[in-house]
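Contents: one structure, followed by commentary.
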Amino acid sequence: MLKRTHTCGEPRATHAGNTVTLCGWVNTYRDQGKGLVFLDLRDRDGLCQVVCDLEDAPPHVVAAARSLRREDCIAVKGLLRKRAGDPNLKLATGEVELLAAEIEVFNKAIDLPILPDDHDAPKINEEIRLKYRYLDLRRPSMQKILRERHRVLQYTRQYFSSQRFTEIETPLLIKSTPEGARDFLVPSRLHPGDWYALPQSPQLFKQILMVAGCERYFQICRCLRDEDPRADRQAEFSQIDLELSFVDRSDVMDVMSGFVQGLWKEMLGVDVPTIIRMTWIDAMNRFGSDKPDTRFGLELHDISALAGKCGFKVFDEALAKSRLGKSGCVKAIVVPASMGQLTRKMTDSYAEFVKTFKAGGVAVTKISATGTFETGIAKFVEPIAAEFKAALNAQPGDTILMVADHWEIAVKAAGELRLKVADDLKAVPAGMWNFLWVIDFPMFDFDEEGNRWVAMHHPFTSPNPDQFDLLESDPGACVSAGYDMVLNGSEIAGGSIRIHRTDVQEKVFKLIGLTQEDADRKFGFLLSALRHGAPPHGGMAFGLDRLVMHLCGTNNIRDVIAFPKTQSGGDLMIDAPGPVDDEQLKELHVRRAVAQKAPA
RNA sequence: GGGGUGGUAGCUCAAUUGGUUAGAGUACCGGCUUGUCACGCCGGUGGUUGCGGGUUCGAUUCCCGUCCGCCUCGCCA
């Protein structure tokens with residue numbers, strides 16, 4: 001077997017005159033007839049041209065070269081020389097070529113379903129790419145992503161190690177605690193009738209590691225949530241998970257800011273400035289989102305006070321609504337003329353768009369060149385024109401979009417509309433890295449159906465130090481010590497200071513409707529641990545896949561995972577999930593409720 | 001669970017109002033080609049139009065069901 005002396009991306013003019021051996025895949029072949037054949041040989045490092053010349057190569061080598069086809073796996077040995085023809089400036093190796101003296105075919109590629117070609121691959125159905133993932137991953141752009149991901153992992157381990165974190169593994173087979181996301185379950189053979197759950201996160205284990213005196217823990221771990229995927233979400237995903245003892249939220253946020261700043265410098269050479277903090281209520285009121293995209297304007301204005309004066313029935317009805325101490329409101333977005341013009345078709349479509357988020361519709365009006373209101377609800381606004389324009393700082397030519405409803409619905413719908421408008425007008429600038437901390441989340445949200453409070457983050461999140469009294473007096477107003485890191489409108493990390501006192505933890509369990517017995521059964525080990533000298537602690541988890549998505553500039557999470565799953569949770573390459581034998585089920589003490597599917 | 005969208009040659013796509021033998025590029029096969037580089041030229045193989053049913057003289061096209069991919073709402077403590 002021929003052994004490589006260089007990789008395909010390596011050869012340069014300085015190697016000319018050496019005998020070299022390259023291994024790789026035939027990227028393209030160009031048969032010039034009568035014994036002149038060019039090949040581009042590809043490995044993970046790049047491309048190098050191989051030439052077979054009748055005058056220099058024995059006939060059997062030319063014949064071998066001629067028989068090669070795309071994606072055959074071969075080795076070529078010969079003289080590396082300066083090109084006889086013109087150099088190819090598109091290739092790093094474009095000044096040289098390998099004159100084949102010997103060709104070893106490791107394996108032919110038969111009936112390729114797809115070519116691993118960056119020219120064509122973006123057009124190929126993802127279904128096919130996933131089925132033949134080994135071919136899709138051969139593409140240079142996919143190879144690059146895999147290696148970028150590796151660099152992120154390397155930097156992560158280096159950074160946290162340098163900050164005196166210890167990497168500690170936590171179990172994959174744990175028990176189900178059906179708060180939050182749906183668990184993946186695994187039947188226990190040794191405990192008939194009992195089930196393990198796969199972890200949604202190592203949350204409780206890392207807290208217990210703090211009780212255990214580890215002080216600084218991190219782990220790059222797989223987490224599993226049996227919920228429907230999205231473009232940026234998979235049921236099986238990776239987190240950079242960490243926890244620290246003897247810290248307040250600023251300590252955690254500082255360490256984490258340092259991490260992303262170092263990572264962006266390492267990966268992209270970008271200096272990320274000090275990451276600003278925004279309270280949750282500000283984020284919601286100004287951007288209609290708990291993960292604001294601050295790369296562009298179009299901020300939300302609250303015009304509730306004015307809206308009540310214009311006699312528009314929809315506004316009056318919205319303002320009369322109230323929930324959790326917040327009255328209904330009217331949120332406005334001013335689309336400046338300088339940002340581009342919204343067509344009638346666009347504004348019409350916005351009514352349907354906001355209905356997705358339970359809002360009734362969008363009220364529209366526009367300021368004409370002469371400063372009068374026109375179209376839409378102009379006649380309602382005209383009587384308060386001066387006040388209205390002043391409140392919004394609106395100029396002639398601007399379009400104003402308004403959403404009225406319950407506060408939650410109005411801000412959410414207006415926030416989504418803001419993103420939609422920015423997208424429609426192509427107003428999101430490229431090349432910006434807007435990091436942001438969102439802090440001061442509410443501890444709880446009220447679930448009308450269940451008639452109980454639910455933890456907004458998770459039930460182990462501590463209230464802010466000055467908020468403990470509110471736990472009892474006014475849970476809805478209680479603000480937590482949680483924090484999310486947001487990048488360009490995408491949540492890339494979340495965490496909190498945890499509750500480290502048993503009495504507080506029990507209070508929170510009670511508030512979210514857990515009885516003492518429930519709490520003991522599900523989380524007794526945590527309550528017990530807290531009782532035995534738990535230090536104050538807090539932590540965070542980064543979505544690794546999302547970090548890599550940002551760093552690689554893709555908005556498809558499947559592009560940054562070597563073997564991802566589809567929207568229905570399937571792996572198209574190995575054809576999972578699949579049926580199992582009755583025998584296996586019997587061993588696991590599981591009986592079928594659904595008939596076995598016929599084999600495909 | 002809901003909404004949207006797509007499925008035609010190995011791959012990417014086309015096919016008029018429901019109408020002849022379902023076409024093109026690429027890949028593959030054969031021939032030609034000694035400086036190409038996404039080589040070029042000539043010829044060829046290749047189709048259960050996702051699957052099942054229905055309407056019709058006739059269905060890629062219309063209807064019903066179903067499977068699969070993608071986007072999305074719910075969901076994601």
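FYI, side chains are in, hydrogens and waters are out, and symmetry mates aren't considered; it's all heavy atoms of this structure. A note on names: the letters A, B, ... follow the listed sequences, proteins ahead of strands, and every chain is numbered from 1. Only a predicted model underlies this, so the values are computations on that prediction, with no experimental measurement involved.
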Protein-nucleic acid N or O pairs under 3.5 Å, nucleotides 1-6 of chain B:
{"residue": "B/G1", "atom": "O6", "partner": "A/Asp228", "partner atom": "OD2", "Å": "3.2"}

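- There is a side-chain donor-acceptor pair under 3.5 Å between A/Asp45 and A/Thr7.
- Between the side chains of A/Tyr196 and A/Asp183, not a single donor N or O lies within less than 3.5 Å of an accepting N or O.
- Contact annotation: A/Lys34 side-chain N/O to B/U34 OP1/OP2 distance is not under 4.0 Å.
- Between A/Phe446 and A/Val454, the closest side-chain pair of non-hydrogen atoms is not below 4.5 Å.
- Within the structure, a side-chain polar atom (N or O) of A/Arg30 is placed less than 4.0 Å from OP1 or OP2 of B/C39.
- Within a 6.0 Å sphere centred on NZ of A/Lys522, other residues, nucleotides and ligands contribute more than 12 heavy atoms.
- B/G47 and B/U21 are spaced 13 Å apart, taking the C1' atom of each and rounding to whole Å.
- Note that A/Lys412 lies outside the cation-pi zone of A/Phe357, set by a 6.0 Å cut-off to the ring centre and a 45° limit from the axis.
- Across the C1' atoms, B/C73 and B/C63 are found 28 Å apart, a figure rounded to whole Å.
- Nucleotide B/C71 holds its P atom 9 Å from the CG atom of A/Asn555, rounded to whole Å.
- If you take atom C1' in B/G31 and the same atom in B/A38, they sit 23 Å apart, rounded to whole Å.
- The closest side-chain donor-acceptor pair between A/Tyr29 and A/Arg69 falls under 3.5 angstrom.
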Check: protein-nucleotides 27-29 of chain B nitrogen or oxygen pairs below 3.5 Å:
{"residue": "B/C29", "atom": "OP2", "partner": "A/Arg69", "partner atom": "NE", "Å": "2.6"}

